[in-house]
Visitor: 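Handing you a structure now.
Values below: every heavy atom of this structure, side chains too, minus hydrogens, waters and symmetry copies.
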Amino acid sequence: MASNGVFFTRRGNPTPLAFLLATFLFVYVYKSSSGSDGISNAGPKGSFGMALPRGAVISHHMQEGLADRIDAQQHAEPVHTDEDQPRIARHEKVKERAPVQDYRPVPLSLDLPDKYLNEPALATRESMFRQYGFNLKHSNEIPLVRDQPDIRSAECKAQTYPRPSEMPLVSVIIIYYNEAVSTLLRNVMGVLNRTPPDLLGELLLVDDNSNLDQLECLKAHIDRIKPEARRRIRMIHRDVHNGIVGARNRGAQEAKHDIIVFLDSHAEVTPGWLEPLVARIHEDRTRVVIPDLRPIDLNALTIPGGGGWPPYKGSFNWRLSFIIVGADIERDVLGDNKRVGPVRSPIMPGGLFAMDRKFFFELGMYDSEIMYYGGEHIELSFKVWMCGGSMEQIPCSHIGHIYREFDRFAVDPGLKNKSIGTALDRNDIRVAEVWMDEYKKLFYDARGLHGTPYGDVSERRALRERLKCHSFKWFLDNVHPDQYVPDLNPLYSGMITDPTKRQCIDTMQRKWGAPGMYGCHGGGNQRWYLGHNGYLGADVNCLKPRVQSQASCVGAPEWVTKELPSGLKLIALKSNQQTCLERSNNKLSLKHCSADDILQQWSVGSSHIASSDGKQCIDSLGATGGDASIGLYACHGGATQKWEIGGAGAGGMMRNVVDSGDAAAGGVCLSFRGDIVQTACVKDNEEFRWDYIEGTLRPRDHPDVCLDRMSGNEPKLSPCVSGVDTQSWLFMDKIVR
């Protein structure tokens, strides 16, 4: 629909007359394109093909994007699918195309007016990073077309793929909003110069209603590109700015070719980037593939090389944040050559991926009610896996990406006076409500968003039902079996308080490190659970003890030895001689002393401390200095096993003989730390398990130490003593005044 003074305002917002006409068109298109269930079976129409009940009010989110969607409808090619027919996993054999004349290299130089090259924001690094998040001044100085080294490994270079003319053509879609001209054009020129012409069908530039003044120069630069390459570029302007989802949906609707590739505007492809992606989709069109993303240096704007080993994969926590975790080489890495094999990834990072265009529409595109940024990558990841597809990271496809250091919302004038936090919460709730089944409780508990409005998701739930998607439990069991899943119905939940119910254990809003003690208020920082598996957690973290380590000898505990009839010895804390050092799973722990327990019996020599059979010795495990763990290792007499207990019969510190000059003051000793830390929960890890015994909280690996408030602001671990008030804890669901 064209913009003019009658139907649209100057900013592209519809006038009342335009809105009435748009609403009529909306209902008409819906009625003519929907099946009996109210859901369109045609891709382009599916972005707004929902039933409108009598008296329904179109939300302000829909109003913002309505004109844009109708405009897209006019340009999109229909995508015909039949839900009664099984999806064809492999593309139909591509009729080999006649070779395309290679138009590369494609030259282009930057030609911006001085007012943009010398704008005030570029005067200092601080102002430049606040506005753009990277060194734009340097970006304006380096060539738009530059030599980019081939950073693929030798093994990746040796991989073979079908000829480009034998694979489907690709529509590369670059979404941009207020992107600086130099970075956007460097991205464009990289695609043109580093993509086989036989594979690149078109390059779409989708403008999410930018208002950055220098973008007025973009079209003049595009017009200067040589005709053979320029004819592949299409520029698309949206009349609304409501985020990445609307822009990507529009880009997919406009695309003409079988495979769509989404790129962020501040990215740059490298040699050999596209063939590995397209080849995987050509083999199975239900694969969604993700390149290996390399962080572009924010100052030099260089793309690093180097290997990506060991492999990683995308994951999520129960706040629905994307995180990176290590991949299981045997389960997750496909193929015989694990160095170059695709890596099954449960979750995609976000903005750069490739997939079959029809499959994108079959899956209902993105939820068009997801606004601005956030949540769309989680939604698409769950949907792909649960509805018949798969997702892979491709280690031989490298794309550089500028991870900008700035507040994207603060510099977005289109979001002024918008409640961004509310919108982002709403996005994630919609994902949880549609896809997570009973496990959405874990999301709500982690975010504290119970009862928050999230709009109508009936269309998205109907889509899931129509596609006969798997359950979220299936996703956890089959796609992400190593994901830690808290108990849905834990043994205990609520605040963990002292007996007076005044002080509670509090995360102190820390992502890691020690928790604290704070006045009880019942907020999210104080909502803990103790699961049937023994995990003690809050938010997305769990509590884990740190009972012993190497530390400075200043303040380190002293130890005494107790002679046994066998000639072996017990090693006890001098301050509590009922607590002894014990061997447990190649680690050291503290337990209640028992002369009959062989794991507490030690052979103490002049410079080593060994197990009762002399086979295992206390070992620094190669770590030096303070705050590093100590363990047990086969005795070899080397420097890492040189330990002694000072003070002769009177006892003393257990000192590392070799490391005696480290740790700032007095050398390195075995220290009983008694710390607890909050860290990411790890599935099936004994170090995270706790027991709640007679009002005390005890690490299962160290049952003779208890969580204690004696240190004041931070709970610590200390040897359990019956009847000690500071070791007594209550789980309380509500505050009692």
Visitor: Can you list the residues that meet the side-chain contact (heavy atoms from CB on, under 4.5 Å) rule with Asp111, with sequence neighbours excluded?
Guide: His221, Arg224
Visitor: At their closest point, which heavy atom of Ser368 faces which heavy atom of Val245, and how far apart are they?
Guide: CA-CG1, 4.0 Å
Visitor: Looking only at heavy atoms, which two atoms of Tyr484 and Pro486 are closest? And how far apart?
Guide: CE2-CG, 3.6 Å
Visitor: Salt-bridge test for Asp292 and Arg152: reply yes if a basic N is under 4.0 Å from a carboxylate O, no otherwise.
Guide: no
Visitor: Test ring pair (Phe, Tyr, Trp, His ring centres under 6.0 Å) on Phe316 and Phe382; report intermediate values, then the result.
Guide: CA-CA 11 Å; Phe316 70 100; Phe382 288 165; 5.5 Å; yes
Visitor: Verify, without hydrogens or angle tests, whether Arg430 (side chain) and Arg460 (backbone) share a donor-acceptor contact under 3.5 angstrom.
Guide: no
Visitor: Could you tell me which residues satisfy side-chain contact (heavy atoms from CB on, under 4.5 Å) with Ile324, sequence neighbours excluded, listed by chain and number?
Guide: Tyr312, Phe322
Visitor: Whether the side chain of Thr195 engages the backbone of Val191 through a donor-acceptor N/O pair (distance < 3.5 Å, no angle test) should be reported.
Guide: yes
Visitor: Suppose we screen for side-chain contact (heavy atoms from CB on, under 4.5 Å). Which residues come up paired with Pro295, at least two apart in sequence or across chains?
Guide: Pro304, Tyr403
Visitor: Does Ala255 offer a backbone N or O that forms a donor-acceptor pair with the side chain of Arg357 under 3.5 Å?
Guide: yes
Visitor: If you measure from the Lys or Arg side-chain nitrogens to the Asp or Glu carboxylate oxygens, is any gap between Arg234 and Glu254 under 4.0 Å?
Guide: yes
Visitor: For Met365, does its backbone N or O pair with a side-chain atom of Lys383 as donor and acceptor, under 3.5 Å?
Guide: yes
Visitor: Look only at the side chain of Arg464 and the backbone of Val434, and say whether a donor-acceptor pair between them is shorter than 3.5 Å.
Guide: yes
Visitor: Sequence neighbours excluded, which residues qualify as side chain to side chain donor-acceptor pair (under 3.5 Å) partners of Glu179?
Guide: Thr183, Ser265, His266
Visitor: Does Lys683 reach the main-chain N or O of Pro481 with its side chain, forming a donor-acceptor pair under 3.5 Å?
Guide: yes
Visitor: Please name all residues satisfying side-chain contact (heavy atoms from CB on, under 4.5 Å) with Asp684, sequence neighbours left out, ordered by chain then number.
Guide: Arg689
Visitor: Out of curiosity, Leu215 CG to Tyr177 OH, how far, rounded to the nearest 0.5 Å?
Guide: 10.0 Å
Visitor: Output yes when Lys313 and Asp482 qualify as a salt bridge under the 4.0 Å nitrogen-oxygen rule, no when they do not.
Guide: yes
Visitor: Can you run down the salt bridge (Lys or Arg N to Asp or Glu O under 4.0 Å) pairs that involve residues 385-401, sequence neighbours left out, and say none if there aren't any?
Guide: Arg280-Glu392, Arg287-Glu392
Visitor: Whether Asp102 and Arg104 form a salt bridge (side-chain N of Lys/Arg under 4.0 Å from carboxylate O of Asp/Glu) is what I want to check.
Guide: yes
Visitor: Describe, in one word, how the ring planes of Trp474 and His470 are oriented to each other, choosing from parallel (under 30°), tilted (30 to 60°) and perpendicular (over 60°).
Guide: parallel
Visitor: How are the rings of Phe472 and Phe475 set relative to one another: parallel (under 30°), tilted (30 to 60°) or perpendicular (over 60°)?
Guide: parallel
Visitor: How far apart are the closest heavy atoms of Asp198 and Ser165, and which atoms are they?
Guide: CB-N, 4.0 Å
